[in-house]
J.: 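Sharing a structure below in structure tokens format, with a few things to ask.
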Amino acid sequence: MTQTDTYVPGLEGVIAAQTRLSRVDGLRGELVIGGFPLEEVAAQATFEEMVYLLWHDALPTAGQLEAFRDQLAELRTLPAATLALLREAATSQTDPMDALHMGASTLNLGVTDQAGNRRLALRAIAAFPTIVAAYWQLRNGQTPIQPNAELGHAANYLYMLFGEEPQPARVRGLETYLNTVVDHGLNASTFAARVIIATRSDMISAMVGGVGALKGPLHGGAPGPALDMVFAIGSPDKAEPYIRQKLDRGERLMGFGHRIYKVRDPRADVLSAAAEQFYQAAGDMGLYELARHVEKIAVDLLAEYKPGRNLQTNVEFYTALLLHGLGFPTQIFTPTFAIARVGGWTAHCFEQDRLIRPNSVYIGAEGRTWQPLDQRINTAHNLHTP
Ligand code: ACO
């Protein structure tokens, strides 16, 4: 065993896995997924093809794709217990990401040990959109819409959310988004999923852990607040004073900065192009142009306030714009991210074959002696809770 005494906060720069799924080059701003440059594959593949590529390291033939789509279709419908739980969650207007977390954890219901992780992985991928859409309907006082076996994965999600068969352009827009964020090296939620599966826990537990990690605003929770900022700014002349005030208060700008990318996140380019096409087709470029302006001011001001940090636009800024253009409410931006990333989480779990168990450096007290309760004085420190 190799042992090192060096403490690396946040494991920054530490290599903790080998993967053939995606290569992230943070200095060049490159992302390769399953051997394809992101720009080559994101706007062409269906989501089913993307997941198949990650799972099998090759694109499917027509027959393989059809079989994969059929397997997903079979597992899309939710167990009654899942729906009952979502119905309960809707009565208290639970956050959609929490509802996904709860719903996902029920996907083990009635599953025997023999089901195997591959079947559970399929079940998670198939059911995540149904959970999110059903929950959204319930939260809005509507009856969940059953999946339509004739539609593909992305089209089904739109259908269950909005209640009508989507136009091909909307399906393409959503598919481009899902493909763009399906996998991204050893990001926080993927790492969480790998840690869980590495203990030989089950696939659903690993997916639920991934959802928990993705929820945070430093990871997948950023696009809602990023769009809120653009709306709050409202017009180009207000961008600079608004962002200056935020930075003066020491706040972070959601949708900017990245642990790995020190140049513009390549996913931002793909999503910005998809969003531009979409807003152009819809005949209203106002929000898109405002967002471009806000982005420029934000990047300039981040360089001024945080010199040397190279804080650039990340994927979340244009996620927000594209999903908004597709008609998604901000509350389900992050669950939609999970619907994509579950493809990557499952594939990473198949790769993980060793227990993950790093070390910590003890910095606490030593040699204390026990004191009876009536002799203690309060010397407790508050633990830092982030
Ligand atoms: N706005 C303002 N300041 C920022 C931002 C930001 N978006 N991002 C980083 N900084 C500052 C930090 O305050 C810190 O400044 P300091 O050294 O003066 O204290 C410095 O830049 C370095 O920040 P770290 O937190 O050490 O950088 P890290 O690599 O850990 O952070 C992260 C990466 C979490 C993504 C960060 O850039 C951030 O919080 N961004 C906003 C949230 C966001 O957009 N998240 C989505 C990321 S993409 C994804 O996960 C899919």
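All residue numbers in this chain count up from 1 along the given sequence.
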J.: Inspect the surroundings of CZ in Arg376 and state if more than 12 heavy atoms from other residues, nucleotides or ligands are less than 6.0 Å away.
T.: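 For Arg376, atom CZ is crowded (more than 12 foreign heavy atoms under 6.0 Å).
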
J.: So which atom in Asp95 and which in Met97 form the shortest heavy-atom distance, rounded to 0.1 Å?
T.: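 Taking Asp95 first and Met97 second, the nearest heavy atoms are OD2-N, 2.8 Å.
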
J.: Do Arg292 and Ser272 have a side chain donor and acceptor closer than 3.5 Å?
T.: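 Arg292 vs Ser272: donor-acceptor pair found between side chains.
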
J.: Can Met160 be reached from Leu85 by stepping across I, L, V, M, F, W or Y side chains whose heavy atoms are under 4.5 Å apart?
T.: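 The answer is no; the residues belong to distinct hydrophobic clusters.
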
J.: Can you name the nearest heavy-atom pair linking Phe128 to Ala338, along with the distance?
T.: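 Distance-wise, the nearest heavy atoms are CD2-O, 3.8 Å.
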
J.: What about Val315 and Met254, same hydrophobic cluster or not, with Ile/Leu/Val/Met/Phe/Trp/Tyr joined at side-chain heavy-atom distances under 4.5 Å?
T.: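 No, Val315 does not connect to Met254 through the hydrophobic network.
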
J.: Count I, L, V, M, F, W, Y as connected when their side-chain heavy atoms are under 4.5 Å apart, and connections chain through other members. Are Leu161 and Ile145 then in the same cluster?
T.: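 Different clusters: Leu161 never reaches Ile145 through Ile, Leu, Val, Met, Phe, Trp or Tyr contacts under 4.5 Å.
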
J.: For Gln331, does the CD atom sit with more than 12 other heavy atoms under 6.0 Å from it, leaving out its own atoms?
T.: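 Yes, the 6.0 Å shell around CD holds more than 12 heavy atoms from other groups.
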
J.: Should we count CD1 of Ile15 as having more than 12 external heavy atoms under 6.0 Å?
T.: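 Result for CD1/Ile15: open.
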
J.: Angle between ring planes, Tyr288 versus Tyr318, binned at 30° and 60°: parallel, tilted or perpendicular?
T.: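 Tyr288 vs Tyr318 ring planes: tilted.
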
J.: If you measure only the distance, is there a donor-acceptor pair under 3.5 Å linking the side chains of Arg194 and Gln352?
T.: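 Judged by distance alone, the side chains do pair up.
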
J.: Once you measure the plane-to-plane angle for Tyr157 and Phe328, does it fall in the parallel (<30°), tilted (30-60°) or perpendicular (>60°) bin?
T.: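 Tilted, since the angle between the ring planes falls between 30° and 60°.
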
J.: Are there more than 12 heavy atoms of other residues, nucleotides or ligands under 6.0 Å from atom CZ of Arg249?
T.: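 For Arg249, atom CZ is crowded (more than 12 foreign heavy atoms under 6.0 Å).
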
J.: Taking the six-membered ring for Trp and the full ring for Phe, Tyr or His, determine whether the centres of His219 and Phe191 are under 6.0 Å apart.
T.: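 No: the rings miss the under 6.0 Å criterion.
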
J.: How close do Ala99 and Leu86 get, counting heavy atoms only, and between which atoms?
T.: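 The pair with the smallest heavy-atom distance is O-CD2, 3.6 Å.
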
J.: Indicate the atoms forming the closest heavy-atom contact of Met102 with Ser105, along with that distance.
T.: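 Scanning both residues completely, I find the closest heavy atoms to be O-OG, 2.7 Å.
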
J.: Can you tell me if Gln280 has over 12 outside heavy atoms packed within less than 6.0 Å of its CD?
T.: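 More than 12 heavy atoms, drawn from other residues, nucleotides or ligands, come within 6.0 Å of this atom.
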
J.: For Ser360, enumerate each residue passing the side chain to side chain donor-acceptor pair (under 3.5 Å) test, keeping only those at least two apart in sequence or located in another chain.
T.: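 For Ser360, no residue satisfies side chain to side chain donor-acceptor pair (under 3.5 Å) once neighbours in sequence are set aside.
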
J.: Got a sec: does the CZ of Arg28 have more than 12 other heavy atoms crowding it under 6.0 Å?
T.: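 Count not over threshold, so no.
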
J.: For His324, run the ring pair (Phe, Tyr, Trp, His ring centres under 6.0 Å) check against Phe278, Phe231, Tyr279, Phe333 and tell me which one passes.
T.: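 Running ring pair (Phe, Tyr, Trp, His ring centres under 6.0 Å) over Phe278, Phe231, Tyr279, Phe333 with His324 returns exactly one hit, Phe231.
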
J.: For Arg172 and Thr176, which I'm curious about, is there any donor-acceptor pair between the side chains at under 3.5 Å?
T.: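 Note: Arg172 and Thr176 side chains meet the donor-acceptor criterion.
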
J.: If you draw a 6.0 Å radius around CD in Glu150, do more than 12 non-hydrogen atoms from other residues or ligands fall strictly inside?
T.: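 Atom CD in Glu150 is not crowded, with 12 or fewer foreign heavy atoms closer than 6.0 Å.
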
J.: What closest approach, in Å, do Glu39 and Pro266 show between heavy atoms, and which atom pair accounts for it?
T.: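 For Glu39 versus Pro266, the nearest heavy atoms are OE2-CB, 4.1 Å.
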
J.: If you group Ile, Leu, Val, Met, Phe, Trp and Tyr by side-chain heavy-atom gaps below 4.5 Å, do Leu151 and Ile131 land in one group?
T.: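 Each belongs to a different hydrophobic cluster.
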
J.: Applying ring pair (Phe, Tyr, Trp, His ring centres under 6.0 Å) to His184 and Tyr261, what does each step give before you reach the verdict?
T.: CA-CA 11 Å; His184 200 241; Tyr261 290 120; 5.2 Å; yes

J.: Measuring from atom CG of Leu227 to atom CG of Leu323, what distance do you get when rounded to the nearest 0.5 angstrom?
T.: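 Atom-to-atom, Leu227:CG and Leu323:CG are 9.5 Å apart.
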
J.: Take a 6.0 Å sphere around CD of Gln277 and say whether it holds more than 12 heavy atoms from other residues, nucleotides or ligands.
T.: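 Result for CD/Gln277: open.
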
J.: For residues Val294 and Phe317, report the shortest heavy-atom separation together with the two atoms involved.
T.: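 In terms of heavy atoms, the two residues are closest at CG1-CZ, 4.3 Å.
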
J.: Sequence neighbours left out, what passes side chain to side chain contact (heavy atoms under 4.5 Å, CB included) with Leu83? Give chain and number order.
T.: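 Result, side chain to side chain contact (heavy atoms under 4.5 Å, CB included) vs Leu83: Leu78, Ala134, Pro144.
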
J.: For the residue pair Phe350 and Trp55, does the interplanar ring angle fall in the parallel (under 30°), tilted (30 to 60°) or perpendicular (over 60°) class?
T.: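 Judged by the thresholds at 30° and 60°, the geometry between Phe350 and Trp55 is perpendicular.
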
J.: Would Tyr242 and Leu290 show up in the same hydrophobic cluster when neighbours are defined by side-chain heavy atoms closer than 4.5 Å?
T.: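 They do share one cluster, since a chain of ILVMFWY contacts under 4.5 Å joins Tyr242 to Leu290.
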
